[in-house]
There are 2 protein chains.
Amino acid sequence: MTSRQPSLHHQALEILGRRIVTGDLPAGHVMLAESLEAELKVSRSVVREAVRVLQSIGMVESIKRVGIRVLPPQAWNPFDANIIRWRMDSDARGAQLRALAELRSAVEPVASELAAQNAPFPMRRELLQVAEEMVRVGRQGKMERFLELDTRFHALVLSGSGNEMFATLIGQVAETLAGRTTHGLMPAHPKEEALQWHLDVARAILDGKATAARRASAKMINETIEDLSPEWAGQPRVFVPVKP
Amino acid sequence: MTSRQPSLHHQALEILGRRIVTGDLPAGHVMLAESLEAELKVSRSVVREAVRVLQSIGMVESIKRVGIRVLPPQAWNPFDANIIRWRMDSDARGAQLRALAELRSAVEPVASELAAQNAPFPMRRELLQVAEEMVRVGRQGKMERFLELDTRFHALVLSGSGNEMFATLIGQVAETLAGRTTHGLMPAHPKEEALQWHLDVARAILDGKATAARRASAKMINETIEDLSPEWAGQPRVFVPVKP
DNA sequence: GAGTGTAGATGCCTGCACATATCGGTGTCA
DNA sequence: TGACACCGATATGTGCAGGCATCTACACTC
């Protein structure tokens with residue numbers, strides 16, 4: 001599944017990124033390139049390339065005569081795929097899931113609205129076909145096929161919006177959907193309501209009814225989020241201070 | 001303003017990133033590390049570090065025995081600050097502005113809703129103070145101060161949501177607002193309606209009225225987007241195909 | 001068509017020179 | 001005596017040059 005990339009660069013990046021995300025290397029901590037070479041048992045070039053990548057996503061800064069300093073979480077790019085993955089595997093998993101769910105709840109209704117206005121016709125047709133098959137398959141309880149279709153449904157909506165920032169959320173949504181089934185949060189049969197909402201969204205998009213598409217999508221998302229919310233219950237929120 | 005970072009690494013990254021974004025180095029194009037050394041007149045380490053960063057944001061892939069291949073735009077991370085900046089300075093500026101505006105229209109209402117539910121009290125108080133000063137300053141036509149306050153207003157909302165993904169959009173929003181004034185798209189006095197909307201959002205958040213906050217925020221955002229939309233009129237949309 | 005050899009590219013390592021930010025000492029002035 | 005400005009020493013990232021290791025696309029053989 002996850003493509004093996006056993007290069008030393010990759011390994012070094014993984015180790016450092018994970019240590020920072022878990023708080024093992026706390027914000028403000030200063031490391032020396034030389035000590036990282038010894039610790040990771042790799043050469044300077046590997047350390048430097050890993051540090052450069054971490055720098056580009058805001059996790060460290062490198063200062064002459066000082067070393068490599070770990071930056072606080074509010075400096076990190078929370079849209080970076082590595083950071084999302086590392087946080088998913090850490091104590092911050094709940095907070096990460098919540099952040100993604102809230103982002104989804106913001107984006108998907110607007111994506112549906114835009115898809116109703118802009119999506120190419122073949123995409124709209126396929127969307128309805130997928131929704132209709134979801135109904136059939138869902139009622140039969142074929143959950144593995146249902147997951148496939150569900151994933152494709154949301155991917156089509158996000159892609160059909162014609163907004164590339166929305167489209168890149170496909171991967172995150174897919175992971176969320178997959179996680180929901182593997183974590184046993186899905187019932188044996190999808191709720192009849194949920195099936196209907198997918199149909200409503202698909203029909204509205206096919207008919208170019210933007211407002212209806214947004215409303216139906218919002219209803220659907222908010223419902224699924226309520227199902228998922230136990231995953232992050234009690235996770236504290238972080239309010240990053242505004243700068244000036 | 002823009003922090004000077006005249007390191008060779010930074011320069012190499014800028015040059016390569018910009019060339020890819022402008023299409024000067026099209027998707028599928030394959031380069032050799034050696035040729036990049038010669039072309040950029042830098043050493044192997046600088047080239048390799050720049051390539052590693054580009055790789056981490058999905059702009060290139062590096063394959064043994066082949067070289068460094070430029071990836072198509074749908075592989076890029078559209079949330080990366082470098083990519084956004086490069087696109088802003090390219091022909092894709094309009095499309096980039098539209099993507100950001102749509103993202104904002106999705107996120108800000110939800111952020112307002114969450115702020116009404118979760119923001120710490122001092123933030124809510126300050127939000128109302130800022131909105132009130134915006135009204136006074138706006139009516140006096142002190143546009144430079146108005147821009148400051150407007151920026152802070154939106155930053156407080158995004159930060160007050162307690163969602164770190166929303167909070168990182170502060171920078172993009174600030175740039176949009178600043179760009180609107182420097183591009184002469186702001187009237188001499190803000191519209192009275194706009195002032196009122198800011199007040200409505202601030203009051204709803206202060207009072208913890210989530211739905212009202214979302215609605216007022218949505219109204220506000222959609223209005224400002226209509227003002228801005230000429231910036232990207234006629235830009236073609238891109239629909240990235242869904243994979244499986 | 002399957003197996004194999006090889007050229008050619010990235011991956012990784014090392015030693016060195018350079019630039020620069022920090023630290024500590026010294027001297028001057030109030 | 002104390003505060004402050006200057007200045008040199010030193011540690012550390014930055015960049016360079018080159019070498020060997022490793023993998024793999026491709027051509028060649030059978």
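These numbers come from the heavy atoms of this one structure, side chains and all, not from hydrogens, waters or symmetry mates. Order of the sequence lines fixes the chain letters, A, B, ..., with proteins taken first and strands second; residue numbering starts at 1 for each chain. The structure displayed is predicted, hence computed values, not measured ones.
Here B:Arg65 does not reach the OP1 or OP2 of C:dT6: none of its side-chain N or O atoms lies under 4.0 Å away.
Defined by atom type and a distance below 3.5 Å, a donor-acceptor pair is present between the side-chain atoms of B:Glu14 and B:Trp86. Counted by atom type alone, A:Arg93 and A:Gln96 present zero donor-acceptor pairs between their side chains at under 3.5 Å.
Side-chain contact between A:Phe166 and A:Val157: absent, with no pair of heavy atoms (C-beta onward) separated by less than 4.5 Å. With contacts defined as side-chain heavy-atom distances shorter than 4.5 Å, the pair A:Asn82/A:Leu13 qualifies. Between A:Ile84 and A:Phe79, every side-chain heavy-atom pair lies at or beyond the 4.5 Å cut-off. Residues B:Met123 and B:Leu127 form no side-chain contact, since every pair of their non-hydrogen atoms from C-beta on lies 4.5 Å or further apart.
Distance NZ (A:Lys64) to P (C:dA21): 8 Å, rounded to an integer number of Å. Between B:Arg44 atom CZ and C:dC12 atom P the separation is 13 Å, expressed in whole Å. Computed from coordinates, the A:Arg48 CZ to C:dC12 C1' distance equals 13 Å when rounded to whole Å. Separating the CD atom of A:Glu37 from the C1' atom of C:dG15 is a distance of 12 Å, rounded to the nearest angstrom. Rounded to an integer number of Å, the gap from A:Leu8 CG to C:dT10 C1' is 13 Å. Atom P of nucleotide C:dA21 and atom CD1 of A:Ile63 are separated by 10 Å, given to the nearest angstrom.
Place A:Val46 and A:Val66 on DNA chain C by their nearest nucleotides, and A:Val46 ends up nearer the 5' end. Nucleotides of DNA chain C nearest to B:Met31 and A:Val42 differ in position, and the one nearer the 5' end is that of B:Met31.
The outermost nucleotides of DNA chain D lying under 4.0 Å from heavy atoms of chain A, listed 5' to 3', are D:dT10 to D:dG15.
Across all strands shown, A:Ser7 has heavy atoms under 4.0 Å from sugar-phosphate atoms exclusively, and none from any base. Here A:Arg52 lies in heavy-atom contact (under 4.0 Å) with sugar-phosphate atoms only.
Closest to the B:Ala33 side chain, of the nucleotides C:dT10, C:dC12, C:dC16, is C:dT10.
With values rounded to the nearest 0.5 angstrom, B:Gln172 atom CD is found 10.0 Å from B:Leu97 atom CG.
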